[in-house]
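The structure appears below as structure tokens.
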Amino acid sequence: METFEILARKSRKRLMRRVIIWSIAVVLSAVGIYTGTRLVLDKMTNSHLTEIMNYYDNRSQIAYPNLYFNNTIQATNDFSNLYQLSRFKDIHGVPASYDSITASAGPTFSKIDHMADVVSMTGDRTIGYNLKQHMKVPLFFNTKNKDKADGLATRAQELPLVKKMTGQLVEVALSFDKPYSYDELQSMLPANLKQNWFWLGSYSEYDTSKLDISNIFGIKMQKNDIRHSFNNFRLKLTASLNDKQGISSILTSKGEIYNTKKELAYLDKSFKRVEDCKFLGIILTGKAEDFAQLEGKEWIYASSIGASIPNQPYYQLDRE
């Protein structure tokens, strides 16, 4: 018969084994829960980051007048990602830096960089600047906007100022009096000015000079080929219709006056083929003195100067 001491010793060993097994089980469970939680949170974060990346990839090809994106940087922290993009303008073939974008994503959020796309307006609302570099932003003016207190009476007329910018390369936005086809514009625009970007107008009567540059939609000229440029526009427009990001509406006491979703749907319905495209504005770049030949043209509804840089002798310009 076993003595009480032997029984107690065996009982303690059994208890110790149980404690060790339970301790191991608890640790393994904790590790499993931690690992599983990290995987779930990482997956959610990456999903939101993908939304942001897709948004900028799509929107950069259908909006952002004469803006190009490069040097993507993804800075990663625990359950939080920063998505950074540097941007530049094409001024007659010469790059000019523009405000960068810093968006963010986490398990429960995705935030595009609205502030990088805001245009800060001056008192008379015909001159706009970006927020970081205070670079002048070219504005487009909507002929449908009939509220004189809301911008019609103060639309920009800056073409006469360009000839005074001696020795500079200049970006200018022209708003037209009515829609024109690409072929019509080729006979209207000087050959020595670069056609960078074509504005398709808006479905709304809103004062488009107030819109963020992410909501000014048009076709970026690529490879000097309007058909290739249009096809790329259509591809990214279709993708943008399903974007969860960048959808906004503007409300007044009278009701809604602008909605991004409606704008995208209007573009999709109205411009199925390149032959359907009628443009209400354009971004031109070139030597300051070459813009003088546009002064007095009746089809120019408004003109707004954008970025400008000194013309250096070593620049290789796109058009001479």
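When a residue number appears, it is its place in the shown sequence, counting from 1.
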| field | Over all atoms of both residues, closest heavy-atom pair of Leu294 and Ile300 | value | O-CD1, 3.6 Å
| message | Less than 3.5 Å apart, any donor N or O on the side chain of Glu205 or Asn142 sitting next to an acceptor on the other? | response | no
| said: What's the separation between atom CD1 in Ile216 and atom CG in Leu211, rounded to the nearest 0.5 Å? | reply: 4.5 Å
| Do Leu131 and Ile213 share a hydrophobic cluster (ILVMFWY, side-chain heavy atoms under 4.5 Å, transitive)? | no
| said: Contact between Ile101 and Gln84 at the side-chain level, heavy atoms closer than 4.5 Å - yes or no? | reply: no
| Do Trp199 and Phe217 pass the side-chain contact (heavy atoms from CB on, under 4.5 Å) test, and can you show the C-alpha distance, the side-chain angles, and the key distance before you say yes or no? | CA-CA 6 Å; Trp199 183 44; Phe217 296 102; 5.7 Å; no
| In terms of hydrophobic clusters joined by side-chain contacts under 4.5 Å, are Phe109 and Ile247 together? | no
| Under 3.5 Å donor-acceptor, Asn66 side chain and Asp90 backbone | yes
| query | Going through the checks in order, is the side-chain contact (heavy atoms from CB on, under 4.5 Å) test met by Leu264 and Leu237? | reply | CA-CA 7 Å; Leu264 292 171; Leu237 173 62; 3.9 Å; yes
| remark: Taken to the nearest 0.5 Å, the spacing of Ser270 OG from Leu200 CG works out to 9.0 Å
| Aromatic rings Phe271 and Tyr266: how do their planes relate, parallel, tilted or perpendicular, breaks at 30° and 60°? | perpendicular
| request: Please confirm whether the backbone N or O of Thr285 pairs with a side-chain atom of His92, one donor and one acceptor, at under 3.5 Å? | output: yes
| Lys236 and its salt bridge (Lys or Arg N to Asp or Glu O under 4.0 Å) partner, picked from Asp268, Asp57, Asp243 | Asp57
| message | Taking Ala173's backbone N and O only, do any of them form a donor-acceptor pair with Ser304's side chain (distance below 3.5 Å, no angle check)? | response | no
| field | Arg273 to Phe230, cation-pi by 6.0 Å centre distance and 45° axis angle | value | no
| If only atom types and distance count, is the side chain of Lys144 paired as donor or acceptor with the main-chain N or O of Ser202 below 3.5 Å? | yes
| message | Please confirm whether the ring centroid of Phe198 lies under 6.0 Å from the ring centroid of Phe279. | response | yes
| request: Rounded to the nearest 0.5 Å, what's the gap from CD on Glu263 to OH on Tyr206? Could you check? | output: 12.0 Å
| What pair of heavy atoms forms the shortest contact from Ser104 to Ile52, and how long is it? | O-CD1, 2.9 Å
| request: Using modelled atom types only, decide if a donor and an acceptor are shared between the side chain of Gln293 and the backbone of Asp290 within a distance under 3.5 Å. | output: yes
| Out of curiosity, Cys277 SG to Lys272 NZ, how far, rounded to the nearest 0.5 Å? | 12.0 Å
| Side-chain contact, heavy-atom cut-off 4.5 Å: Leu82 with Thr102? | yes
| Between the main-chain N or O of Leu189 and the side-chain N or O of Lys297, is there a donor-acceptor pair closer than 3.5 Å? | no
| query | Does Ile305 offer a backbone N or O that forms a donor-acceptor pair with the side chain of Lys136 under 3.5 Å? | reply | yes
| query | What is the minimum heavy-atom distance between Asn259 and Ser249, and which atoms define it? | reply | ND2-CB, 3.5 Å
| task | Would you please test Arg227 and Glu275 for salt bridge (Lys or Arg N to Asp or Glu O under 4.0 Å) and show each step? | result | CA-CA 9 Å; Arg227 190 168 295 275; Glu275 291 80 10; 2.9 Å; yes
| message | Classify the ring geometry of Trp197 against Phe140: parallel below 30°, tilted from 30° to 60°, perpendicular beyond 60°. | response | tilted
| Less than 4.5 Å apart, any side-chain heavy atom of Val172 and any of Val162? | yes
| Are the charged groups of Glu171 and Lys194 less than 4.0 angstrom apart, N to O? | no
| Are Met221 and Ile226 close enough that some pair of their side-chain heavy atoms sits under 4.5 Å apart? | yes
| Out of curiosity, Tyr258 OH to Thr208 OG1, how far, rounded to the nearest 0.5 Å? | 9.5 Å
| said: Do Phe141 and Leu280 have side chains that approach each other closer than 4.5 Å (heavy atoms only, starting at C-beta)? | reply: no
| query | Can we say Asp117 and Arg87 salt-bridge, meaning some charged N sits less than 4.0 Å from an Asp/Glu carboxylate O? | reply | yes
| Less than 6.0 Å separating the ring centroids of Tyr98 and Phe88? | no
| message | Are more than 12 heavy atoms, taken from residues, nucleotides or ligands other than Lys163, located less than 6.0 Å from that residue's NZ atom? | response | no
| When you measure from the side chain of His48 to the backbone N and O of Ser110, does any donor-acceptor pair fall under 3.5 Å? | no
| Side chain proximity check, Tyr180 to Met188, heavy atoms < 4.5 angstrom | yes
| Connected via hydrophobic side-chain network under 4.5 Å: Val118 and Tyr129 | no
| said: Can you see whether Ser86 engages Ser100 through a side-chain donor-acceptor pair at a distance of less than 3.5 angstrom? | reply: no
| said: Is the shortest side-chain heavy-atom distance between Pro95 and Lys89 below 4.5 Å? | reply: no
| said: Let me check something: do Ile283 and Tyr68 share a hydrophobic cluster, defined by ILVMFWY side-chain heavy atoms less than 4.5 Å apart, either directly or through other members? | reply: no
| request: May I have the step-by-step check of side-chain contact (heavy atoms from CB on, under 4.5 Å) for Asn58 and Leu235, ending in yes or no? | output: CA-CA 9 Å; Asn58 294 330; Leu235 178 67; over 6 Å; no
| Looking at CD1 of Ile282 and OG of Ser175, how far apart are the two atoms once the value is rounded to the nearest 0.5 Å? | 11.0 Å
| query | For Ile91 and Ala96, which heavy atoms make the closest approach, and how far apart are they? | reply | CG1-CB, 4.0 Å
| note | Here the pair of heavy atoms bringing Met44 nearest to Pro107 is CE-O, 3.1 Å
| query | Does Gln61 use its side chain to pair, donor to acceptor, with the backbone of Tyr56 at less than 3.5 Å? | reply | no
| message | Testing the 3.5 Å rule here: is there a donor-acceptor pair between the side chains of Glu289 and Gln168? | response | no
| field | Note, Leu193 side chain near Phe291 side chain (heavy atom, < 4.5 Å) | value | yes
| field | Exam field: side chain Arg155 to backbone Ser209, donor-acceptor pair closer than 3.5 Å | value | no
| Heavy atoms from other residues, nucleotides or ligands near NZ of Lys132 exceed 12 (cutoff 6.0 Å) | yes
| said: Applying side-chain contact (heavy atoms from CB on, under 4.5 Å) to Asp177 and Glu298, what does each step give before you reach the verdict? | reply: CA-CA 8 Å; Asp177 62 336; Glu298 294 182 356; 5.9 Å; no
| request: Please determine, by modelled atom types, if Arg59 and Asn215 share a side-chain donor-acceptor pair under 3.5 angstrom. | output: yes
| Phe69: which of Tyr83, Tyr55, Tyr64 passes ring pair (Phe, Tyr, Trp, His ring centres under 6.0 Å) | Tyr64
